[in-house]
Q: 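Dropping a structure here in structure tokens format, bear with me for questions.
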2 protein chains.
Amino acid sequence: MSKKNTLRDQIEEAILSGKFSPGERLEEKVLAEQYGVSRTPVREALRQLHETGLVEVRERRGTVVRENSPTELVNMFEMMAGLEFLAVRLATRHMTEDDRARIQAAHEACRTARDIGTDAYYYENEAFHQALYRASGNPFLEQQATALHRRLQPYRRLQLRSINRVSQSFEEHEAIVAALFAGDAEGAGNAVWNHVAIQADNFRVLFPNG
Amino acid sequence: MSKKNTLRDQIEEAILSGKFSPGERLEEKVLAEQYGVSRTPVREALRQLHETGLVEVRERRGTVVRENSPTELVNMFEMMAGLEFLAVRLATRHMTEDDRARIQAAHEACRTARDIGTDAYYYENEAFHQALYRASGNPFLEQQATALHRRLQPYRRLQLRSINRVSQSFEEHEAIVAALFAGDAEGAGNAVWNHVAIQADNFRVLFPNG
DNA sequence: CGTCAATCCCTTGTATGCACGAGAAGCAGA
DNA sequence: TCTGCTTCTCGTGCATACAAGGGATTGACG
């Protein structure tokens with residue numbers, strides 16, 4: 001693989017795992033020495049991280065790890081809810097047999113993971129949502145929704161550690177699946193909206209000053 | 001302004017205006033000579049255009065102007081409809097007096113432009129939709145919706161030349177505004193959904209083999 | 001004559017050096 | 001001491017040079 005891609009993954013991992021804290025300056029020279037490459041691939045990696053929203057690049061003023069204010073996070077979760085709402089509405093119409101099977105399988109995997117632990121559950125949870133996006137039959141939507149979901153992933157985990165809502169989440173999944181498989185577009189849409197939007201509300205609770 | 005940004009704008013303009021056709025290869029060296037700069041800012045500009053979806057960058061295999069198949073376009077319009085649906089639903093709840101005034105003004109500008117010509121109308125149309133996004137009270141959604149709207153702009157104009165739907169479009173705007181100002185989230189959402197989704201359908205008509 | 005493989009060329013990826021601008025630090029005047 | 005200006009430093013933007021991989025071309029073999 002090219003250096004810029006491995007670099008991107010490494011830096012991304014470092015940010016998500018907290019090695020670089022929000023607001024911290026990322027100097028090209030330092031990173032280059034740290035990873036044993038020149039500034040060129042570092043620059044490209046940072047631009048790619050900018051695309052995904054992890055860092056902020058300011059003209060001639062360097063790159064910093066982006067700090068998302070609680071308000072921004074709420075906004076992003078709100079958009080996430082909108083995308084999922086759209087995806088399941090489309091899915092009730094366009095879903096194939098394969099899509100149905102994938103959703104069912106992912107849902108069952110969540111059921112199993114529920115009793116193992118939160119990390120296991122949230123791993124399967126990602127797969128479940130991915131299956132929903134795919135079932136929309138709209139690859140563009142699928143890609144955008146996946147990107148946003150991934151961007152929000154660390155905050156979902158954060159939430160999780162504060163509020164144990166694994167079993168509640170799973171019940172919400174059940175409601176979504178039931179309505180979806182029954183062809184109830186209205187019900188499925190509302191169920192998934194609530195499932196995602198509640199996370200935005202939780203953030204308002206975690207950061208009341210947001 | 002930095003060279004990479006001016007370059008980005010120039011290349012973008014060249015693509016949107018058809019100077020570079022879809023599928024055409026964009027060689028860094030050629031562009032660099034053409035615009036009198038080195039390859040470095042050209043590379044950066046191309047990456048930025050990749051973000052916005054205008055070009056496709058393949059590892060070690062060069063950059064080409066992206067060709068959106070009719071199916072992809074339909075998918076993008078579908079997502080656009082979803083975002084506008086969300087924006088309007090949120091707007092019925094969060095809209096401020098300023099938002100309301102901006103929407104009203106943009107709508108009136110559309111009414112005037114309707115009788116002038118299609119180009120004038122579609123210019124004001126952009127402002128109208130922009131006002132809707134803003135009224136959602138969600139800057140993140142506003143930004144994403146604006147980006148997608150801009151990306152679809154050339155195809156909207158293409159459509160326009162084939163099917164004269166200015167007056168129809170304006171009537172749809174009236175339905176949206178009426179429901180929105182009445183606080184009817186359901187009605188406003190449906191109205192805006194139909195307004196945008198009909199464009200996807202029109203594409204299916206224009207390119208029946210999509 | 002068609003097919004496969006080795007080679008070569010050209011484009012992209014990476015490294016390095018120079019130029020320019022932003023922000024810090026130092027200085028002068030009030 | 002504080003404020004405003006000047007200078008200086010260091011990091012980013014850009015240019016150029018080198019490395020490496022992909023695809024075309026050409027030649028050999030079936």
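Every chain is numbered from 1 and lettered A, B, ... according to where its sequence line falls, protein lines coming before strand lines.
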Q: Separation of A/Leu46 atom CG from D/dT12 atom P, in whole Å?
A: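 Distance, rounded to whole Å: 9 Å.
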Q: Return the value, rounded to whole Å, for the distance between atom CZ of B/Arg58 and atom P of C/dT11.
A: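 From B/Arg58 CZ to C/dT11 P: 14 Å.
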Q: D/dG13 base to A/Arg39 side chain: any donor-acceptor pair below 3.5 Å?
A: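 Donor-acceptor pair under 3.5 Å: yes.
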Q: Quick check: on DNA chain C, is the nucleotide nearest A/Ser2 upstream (toward 5') of the one nearest A/Glu59, or the reverse? Name the residue that is more 5'.
A: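 The residue mapped nearer the 5' terminus is A/Ser2.
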Q: What nucleotide among C/dT11, D/dT12, C/dT14 has an atom nearest to a side-chain atom of A/Glu27?
A: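 Of the candidates, D/dT12 comes closest.
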Q: Looking at every heavy atom in both B/Pro22 and B/Arg66, which two are closest together, and how far apart are they?
A: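 Nearest pair, atom of B/Pro22 first, then B/Arg66: CB-O, 3.9 Å.
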Q: Just N and O in the side chain of A/Arg61: are any of them under 4.0 Å from OP1 or OP2 of C/dG21?
A: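 Answer no for this pair, as no side-chain N or O of A/Arg61 is under 4.0 Å from OP1 or OP2.
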Q: How long is the line joining CG of B/Asn5 and P of D/dT12, in whole Å?
A: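 About 17 Å, once rounded to whole Å.
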Q: Could you give the NZ-to-C1' distance, from A/Lys29 to D/dT9, as a whole number of Å?
A: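 In whole Å, D/dT9 C1' and A/Lys29 NZ are 11 Å from each other.
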Q: Whole-Å distance between C/dT11 P and B/Leu26 CG?
A: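 It is 13 Å, rounded to the nearest whole Å.
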Q: Can a side-chain donor-acceptor contact be found between B/Glu142 and B/Gln130 if the only test is distance below 3.5 angstrom?
A: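 Indeed, the side chains of B/Gln130 and B/Glu142 share at least one donor-acceptor pair under 3.5 Å.
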Q: Which residue lies toward the 5' end of DNA chain D, A/Gly62 or A/Thr40, if each is placed at its nearest nucleotide?
A: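 In this pair, the answer is A/Gly62.
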Q: Is the closest side-chain donor-acceptor distance between A/Tyr133 and A/Glu84 under 3.5 Å?
A: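 On atom types as modelled, these side chains qualify, holding a pair under 3.5 Å.
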Q: Can you check whether A/Phe85 and B/Phe85 have ring centres sitting under 6.0 Å from each other?
A: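 Yes, ring centres under 6.0 Å apart.
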Q: Expressed in angstrom and rounded to an integer, what is the separation of B/Lys4 atom NZ from C/dC20 atom C1'?
A: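 So the two atoms are 14 Å apart, to the nearest Å.
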Q: Is any side-chain N of the basic residue among A/Arg47 and A/Glu44 closer than 4.0 Å to the acidic one's carboxylate O?
A: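 Salt bridge: no.
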Q: Quickly work out the B/Tyr35 OH to D/dA15 P distance and round it to whole Å.
A: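 Going from B/Tyr35 (OH) to D/dA15 (P), I get 15 Å.
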Q: Could you state the CD-P distance from A/Glu28 to D/dC14, rounded to the nearest angstrom?
A: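 From A/Glu28 CD to D/dC14 P: 11 Å.
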Q: Which nucleotide wins on minimum distance to the side chain of A/Arg25, given the candidates C/dT14, C/dT12, D/dT12?
A: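 Given the options C/dT14, C/dT12, D/dT12, the side chain of A/Arg25 is closest to D/dT12.
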Q: Side-chain N or O of B/Arg47 less than 4.0 angstrom from OP1 or OP2 on C/dG13?
A: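 Yes, within the criterion.
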